[in-house]
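The sequence lines fix the lettering, A, B, ..., with proteins before strands; numbering per chain opens at 1. Remember, predicted model here, so these are calculated numbers, not experimental data.
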Amino acid sequence: MSHEETSATDRTGLDFVRTAVAEDRAAGKNDGRVHTRFPPEPNGYLHIGHAKSIVLNFGIAEDFGGVCNLRFDDTNPTREEVEYVDSIQNDIRWLGYDWEDRLFYASDYFEQLYAWAEHLIREGHAYVDELSAEEIREYRGTPTEPGRNSPWRDRPIEESLDLFHRMRAGEFADGALILRAKIDMAHPNINMRDPALYRIRHAHHHRTGDTWCIYPTYDFAHGQSDAIEGITHSICTLEFENHRPLYEWLIDHLPVPSTPRQIEFARLNLTYTVMSKRKLLRLVQEGFVDGWDDPRMPTISGLRRRGYTPEAIKAFCRRIGVSKTNSTVDLALLEFSLREDLNPRAHRYMAVTDPVKLTVTNWPEGQVDWFEAENNPEDPTAGTHSVPFTGSLYVEREDYMDDPPRKWFRLGIGREVRLKYAYFVSCTDVVRDADGTVTEILCTYDPETRGGDSPDGRKVKGTLHWVSRDHGVPAEFRLYEPLFTQEDPDDIGPDADFTDGLNPQSRTVLQGVIEPALAEAAPENPVQFLRLGYYVNDARDSSPDRLVFNRAVTLKDSWARVVRNRRENE
RNA sequence: UGGGGCGUCGCCAAGUGGUAAGGCACCGGGUUUUGAUCCCGGUAUGCGCAGGUUCGAAUCCUGCCGCCCCAGCCA
């Protein structure tokens with residue numbers, strides 16, 4: 001990037017984090033070097049909110065010719081598991097980012113962190129406290145009242161050192177002792193009121209095993225880990241803003257090899273979605289969804305299984321921008337990003353998800369007519385595939401209506417429509433069962449309209465998709481809607497639980513048919529079912545014997561809008 | 001009632017004293033063998049509110065109001 005591009009007068013388009021990074025470079029900080037990191041705690045699966053952070057951190061490194069590390073923030077052995085460290089790496093790679101040989105763990109630094117804790121004690125900046133957790137809380141004061149010094153605060157340095165060594169040696173039970181920084185119990189920022197640095201936890205750690213029974217807190221581990229790795233910009237979310245003074249205090253009081261700068265941005269919220277790991281974990285554990293990768297989950301693995309592409313997710317993350325304003329992004333923007341990505345490249349096929357028979361009564365018995373269907377009208381180089389037409393078809397149940405309203409372009413008795421690629425057909429009658437439900441639509445076709453055009457210039461407004469009953473392959477379709485009925489799932493009464501707002505219609509399973517060419521192609525990438533939406537083979541449940549498709553997103557549907565507006569106006 | 005942040009169109013978001021970018025959504029219209037895509041056009045006399053400074057303010061000053069975060073030995 002040239003000086004012109006980074007100058008203070010030409011920063012239009014740069015978000016505030018990039019602006020800060022550019023200014024630091026211009027000021028010559030870190031010799032112009034830019035080094036970021038993505039620091040997940042392995043206590044859950046990554047979600048779309050993490051994607052925002054990943055795109056930001058890896059994106060900034062890329063933009064400024066730097067690199068980005070992956071570092072697991074694994075300082076709390078009681079909540080962290082290897083399943084999560086594996087899934088996290090998997091998801092980041094799938095998004096298309098590469099940390100190369102820079103995979104780290106905060107636990108890699110436990111020995112160094114321990115030495116730095118000793119350093120703080122020797123310098124008189126930390127002490128071992130014997131107050132209980134409850135007492136510490138009482139002594140801490142409140143936001144409006146200052147706290148009080150612990151009676152152990154001014155104990156001799158040698159005594160704290162000895163106790164700290166014995167904490168490590170395992171002489172004490174969980175919670176009996178704790179190492180605290182000695183800062184200021186009257187500080188207006190509660191994080192500066194002698195914060196905890198090391199606590200006793202006799203727990204097995206997923207990487208260090210039983211080597212340790214004391215573990216550093218987030219505050220004592222994060223900034224120093226950044227410094228060890230030479231991180232120049234430590235980008236995190238807004239709730240850590242209050243921790244920045246402590247982050248800087250520790251960097252100032254320790255002989256660390258570099259001085260990273262913490263910058264905070266607003267985390268992502270999405271309408272109709274919960275994003276907290278705690279809540280997502282509950283959805284999984286209590287069986288409201290089928291796992292972390294359930295296609296309704298906002299997790300990266302859920303979105304992938306749903307049919308979202310890395311490109312769509314990344315485009316979405318760039319489009320929403322980065323700021324410090326708490327915001328909730330419209331789910332429609334995520335959906336738009338997927339359609340935008342898929343439209344030019346997803347192959348088109350026909351599928352009928354809710355089939356009703358359509359019989360062409362004047363079709364020559366046993367005749368099969370083959371048509372060439374374009375794989376993608378947006379891309380002529382995508383080629384074509386063949387689709388068989390017969391007099392025995394399936395069409396979408398919702399494409400027929402008794403006494404249709406104005407502007408209905410589809411089937412109804414006396415109506416003529418085009419069957420995509422094939423012929424014009426006119427509906428002459430329907431067959432019903434005892435309940436009056438339509439079981440078969442009867443039509444006649446016009447042989448002159450082969451290919452879908454009428455030589456007499458006759459126009460038809462509607463074009464329907466269809467599948468031959470003699471050739472169609474059975475398939476299951478899983479249609480998804482938002483997991484929650486309310487735009488803000490957390491906007492509930494004091495006595496309600498967020499799970500009360502779960503959408504009972506979040507998943508609808510339908511049995512239908514697909515055209516034979518698709519069954520043979522078995523593509524792994526999402527396809528577009530004409531007029532329906534983008535679908536992908538379910539990575540878990542679909543097999544050649546039993547095809548299962550997940551609906552990633554519908555197509556924009558202006559007919560649905562007409563219906564909706566009409567209803568609202570009545 | 002302490003400290004730290006944030007308030008620009010329905011949802012995001014540029015803008016950093018010279019007279020309100022862009023995207024999504026929405027509303028019109030055109031093209032169309034997907035009511036899709038694509039293409040045109042429309043939508044903030046206004047930047048939380050009230051004062052003030054200035055030739056000129058979303059941008060500076062003052063005072064209010066609203067929302068978010070902090071009293072884990074979670075991150």
Kindly give the atom pairs (protein nitrogen or oxygen, nucleotide nitrogen or oxygen) under 3.5 Å for nucleotides 24-28 of chain B.
{"from": "C27(B)", "atom 1": "OP1", "to": "Asn565(A)", "atom 2": "ND2", "distance (Å)": "3.1"}
{"from": "C27(B)", "atom 1": "OP2", "to": "Arg561(A)", "atom 2": "NE", "distance (Å)": "3.1"}

task: Kindly confirm whether the side-chain ring of Trp559(A) is stacked on the base of G35(B), judged by centres under 5.5 Å and planes under 30°.
output: yes

- prompt: Under the salt bridge (charged side-chain N to carboxylate O under 4.0 Å, His left out) rule, what pairs show up with a residue in residues 342-354 of chain A, not counting sequence neighbours?
  reply: Glu311(A)-Arg345(A), Asp341(A)-Arg345(A)

message: Please determine whether any donor N or O and acceptor N or O are separated by less than 3.5 Å between the side chain of His465(A) and the base of A36(B).
response: no

Please list, one pair per line, the donor and acceptor atoms closer than 3.5 Å that link side chains of residues 321-330 of chain A to other protein atoms, with sequence neighbours excluded.
{"from": "Ser323(A)", "atom 1": "OG", "to": "Thr325(A)", "atom 2": "N", "distance (Å)": "3.2"}
{"from": "Lys324(A)", "atom 1": "NZ", "to": "Glu241(A)", "atom 2": "OE2", "distance (Å)": "2.4"}
{"from": "Asp330(A)", "atom 1": "OD1", "to": "Ala332(A)", "atom 2": "N", "distance (Å)": "3.0"}

message: Quick test of your reading: applying salt bridge (charged side-chain N to carboxylate O under 4.0 Å, His left out), list the pairs with at least one residue in residues 269-280 of chain A, sequence neighbours left out, ordered by first then second residue.
response: Lys279(A)-Asp490(A)

task: Please indicate yes or no: is the ring centre of Phe409(A) less than 5.5 Å from the centre of the six-membered base ring of G35(B), with the two planes inclined by under 30 degrees?
output: yes

Any-strand Watson-Crick or G-U partner of U59(B), both distances under 3.5 Å: none

- request: May I ask you to evaluate whether Ser323(A) reaches the phosphate of A13(B), defined as a side-chain N or O under 4.0 Å from OP1 or OP2?
  value: yes

Ignoring hydrogens and angles, write down the donor-acceptor pairs under 3.5 Å from the side chains of residues 553-563 of chain A, residues two or more places apart or on other chains.
{"from": "Asp557(A)", "atom 1": "OD1", "to": "Trp559(A)", "atom 2": "N", "distance (Å)": "3.1"}
{"from": "Asp557(A)", "atom 1": "OD1", "to": "Ala560(A)", "atom 2": "N", "distance (Å)": "3.0"}

message: Checking base pairs now: Watson-Crick or wobble, both atom distances under 3.5 Å. What partners U53(B)?
response: none

Distances under 3.5 Å between nitrogen or oxygen atoms of protein and nucleotides 1-4 of chain B:
{"from": "G2(B)", "atom 1": "N9", "to": "Pro143(A)", "atom 2": "O", "distance (Å)": "3.3"}
{"from": "G2(B)", "atom 1": "N3", "to": "Pro143(A)", "atom 2": "O", "distance (Å)": "3.0"}
{"from": "G3(B)", "atom 1": "N2", "to": "Asn242(A)", "atom 2": "OD1", "distance (Å)": "3.2"}
{"from": "G3(B)", "atom 1": "N2", "to": "Asn242(A)", "atom 2": "ND2", "distance (Å)": "3.2"}

task: With sequence neighbours excluded, tell me which residues meet ring pair (Phe, Tyr, Trp, His ring centres under 6.0 Å) with Phe389(A).
output: Trp363(A), Tyr423(A), Trp466(A)

- prompt: Rounded to the nearest Å, what distance is computed from the CG atom of residue Asp174(A) to the C1' atom of nucleotide C73(B)?
  reply: 10 Å

task: Would you mind classifying the nucleic acid contact of Lys461(A) as base, sugar-phosphate or nothing, using non-hydrogen atoms under 4.0 angstrom?
output: nothing

message: Heavy atoms from C-beta onward define the side chain here; which of G72(B), C70(B), C73(B) lies closest to that of Arg137(A)?
response: G72(B)

field: Residues in side-chain contact (heavy atoms from CB on, under 4.5 Å) contact with Lys182(A), at least two apart in sequence or another chain
entry: Tyr127(A), Arg153(A), Asp154(A)

message: Looking at A75(B), I'd like to know if its phosphate oxygens (OP1 or OP2) sit under 4.0 Å from a side-chain N or O belonging to Arg199(A).
response: yes

task: Could you list all the salt bridge (charged side-chain N to carboxylate O under 4.0 Å, His left out) pairs where at least one residue sits in residues 312-321 of chain A, not counting sequence neighbours?
output: Arg319(A)-Glu340(A)

